[in-house]
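Take a look at the structure below.
Note that the numbering runs from 1 along the sequence shown for the chain. Because only heavy atoms are used, hydrogens play no part in the values below, and waters and symmetry mates are left out as well, while side chains stay in.
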Amino acid sequence: MTEDEAVDDDELLTIGAFAARARLSAKALRLYDRLGLLPPAHVDDTSGYRYYRVGQIERARLVALLRQLDMPLARVAEVVEAPDGDAAADRLTAYWADVESRVAGQRTLAEYLRGRLSGRSSEMYGKFVVETVDVPEQVLITETRHVLAGELPAWIGASLGRLEEAAKECGGITAAPFVVYHSDVSMESDGPAESCVPVADGAAARAWVEKQGRARETKVRVEPAQRLAYTRITKAQVAHPQILAAFEAVEEWIPEHGLWQAGPCREVYFADWAAAGPADPVCDVAFPVR
């Protein structure tokens, strides 16, 4: 029988005694109380002293262990408030997948910055394989927005989702969706960016756009046949600013091969983003060339 099992789960402990048993500081317990993560079982009306039940020790230790994963308190709450163990494990798995994706992106960013700081940009760009592809004329339904780099991932996902749903009314999707950057998008510059989905029926596309009004700057346009110079990157490499290395690699490659940029850069999303892992290819960074 363990020490905890030897004591009734309903026995009340002072905050100091409970903190010692739970291996947490009294300061941490007060914080978790304020956030609703671990409220005391009883607070004395006169003295304000907090008392905890022995049965709360396991939850307290779980909170402490989750915090050792650098889990934000809001995510900790999601795990400890899960309806059962399987749901809690699923929420932890989702959090850790986010961590691994972020670390993979940071690793790529560190490599990019080391290359820039050491003056080895050409060596860095050599890691990207650049090719060309001829793209036929396409009818596009699009959504345009001025957006900063920090807002970009959420907007791309949302806008492409809206356009892909709308494509069902426009004869269906005919090629990979993409995002065109008509001007620089960074932490200080807001583009604009244009999400584009190629569709089969131009007349239906124009009818759909007319129904939308000006709510989200939607339009239909025909993009002429063109050649793209592109490099393929992984999900981890898509994050800003490490994706800049891919754009710069293609920009450097273009004049070296006797070509000229013929339009704004773009990201072509050919894979299932949600299903892809950090190391899976998901996107072509491309420039129209002539």
Side-chain angles (χ1 to χ4, degrees), residues 105 108 112 125 128-164 166-167 170 173-187 189-199 205 216-257 259-273 276 280-290:
T108 305
Y112 168 67
Y125 298 153
F128 295 95
V129 177
V130 182
E131 301 177 284
T132 61
V133 62
D134 291 319
V135 179
E137 179 180 278
Q138 299 183 105
V139 176
L140 307 174
I141 52 173
T142 78
E143 182 177 320
T144 301
R145 181 174 171 180
H146 286 273
V147 59
L148 295 172
E151 307 164 320
L152 191 59
W155 177 75
I156 287 176
S159 60
L160 289 181
R162 288 189 289 267
L163 292 171
E164 288 170 351
C170 307
I173 301 172
T174 58
F178 57 93
V179 177
V180 177
Y181 297 99
H182 294 283
S183 188
D184 183 48
V185 172
S186 66
M187 295 303 182
S189 179
D190 64 354
E194 180 187 26
S195 287
C196 306
V197 171
V199 296
R216 287 200 171 93
E217 294 296 327
T218 54
K219 65 179 180 180
V220 58
R221 65 180 178 88
V222 177
E223 191 167 72
Q226 60 189 328
R227 175 168 294 182
L228 299 178
Y230 72 95
T231 189
R232 187 151 290 184
I233 61 175
T234 66
K235 187 174 183 177
Q237 291 172 311
V238 169
H240 187 277
Q242 49 263 43
I243 194 173
L244 298 178
F247 279 113
E248 291 168 3
V250 179
E251 284 182 298
E252 184 176 86
W253 183 92
I254 289 170
E256 289 178 352
H257 290 75
L259 300 171
W260 291 265
Q261 293 183 26
C265 59
R266 62 190 59 198
E267 297 165 7
V268 183
Y269 290 95
F270 57 82
D272 183 342
W273 180 269
D280 293 331
V282 297
C283 173
D284 290 336
V285 167
F287 287 82
V289 295
R290 56 182 174 84

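- Annotation for F287 and C265: closest pair CE2-CB, 3.4 Å, computed over non-hydrogen atoms.
- Contact annotation: the side chain of F128 never approaches that of V250 to less than 4.5 Å [non-hydrogen atoms, C-beta and beyond].
- Considering E267, E194, R266 as possible partners of Y181, the one that fulfils the side-chain hydrogen bond (donor to acceptor under 3.5 Å, both in side chains) test is E267.
- Closest approach of A176 to Y269, counting heavy atoms only: CB-O, 3.7 Å.
- Nearest heavy-atom pair across L228 and V135 is CD1-CG2, 3.7 Å.
- A donor-acceptor contact shorter than 3.5 Å is absent between the side chain of S159 and the backbone of E143.
- Between V199 and A167 the shortest heavy-atom distance is CG1-CB, 3.7 Å.
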Applying side-chain contact (heavy atoms from CB on, under 4.5 Å) to V139 and V220, what does each step give before you reach the verdict? CA-CA 7 Å; V139 176; V220 58; 3.9 Å; yes
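- The number of heavy atoms from other shown groups lying within 6.0 Å of CZ (R162) is above 12.
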side-chain contact (heavy atoms from CB on, under 4.5 Å) evaluation trace for K235 with D280: CA-CA 6 Å; K235 187 174 183 177; D280 293 331; 5.6 Å; no
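- Judged purely by atom type and a 3.5 angstrom limit, T231 uses its side chain to pair as donor or acceptor with the backbone of V129.
- Considering all non-hydrogen atoms of both residues, P177 and E164 come closest at CG-OE2, 3.2 Å.
- Under the 4.5 Å side-chain criterion, counting only non-hydrogen atoms from C-beta, F270 is in contact with P281.
- Under 4.0 Å is where a charged nitrogen must lie from a carboxylate oxygen, and between E217 and K219 no such pair does.
- Closest heavy-atom contact between A249 and V130: O-CG2, 4.3 Å.
- We find the CD1-OG1 distance between I254 and T132 to be 10.5 Å, quoted to the nearest 0.5 Å.
- Atom CZ of R232 and atom CD of E131 lie 8.0 Å apart (nearest 0.5 Å).
- Using a 4.5 Å cut-off on side-chain heavy atoms (C-beta onward), V289 and R227 make contact.
- Taking the side chain as every heavy atom from C-beta outward, W273 and L160 never approach each other to under 4.5 Å.
- Using cut-offs of 30° and 60° on the angle between ring planes, the pair W253 and H257 is parallel.
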Exercise answer: donor-acceptor pairs, residues 144-154 side-chain atoms, under 3.5 Å, sequence neighbours excluded:
from, atom 1, to, atom 2, distance (Å)
H146, ND1, D190, O, 3.4
E151, OE1, L148, N, 2.9

Any chance you could lay out the side-chain contact (heavy atoms from CB on, under 4.5 Å) test for E223 and F178, step after step, and finish with the verdict? CA-CA 12 Å; E223 191 167 72; F178 57 93; 3.7 Å; yes
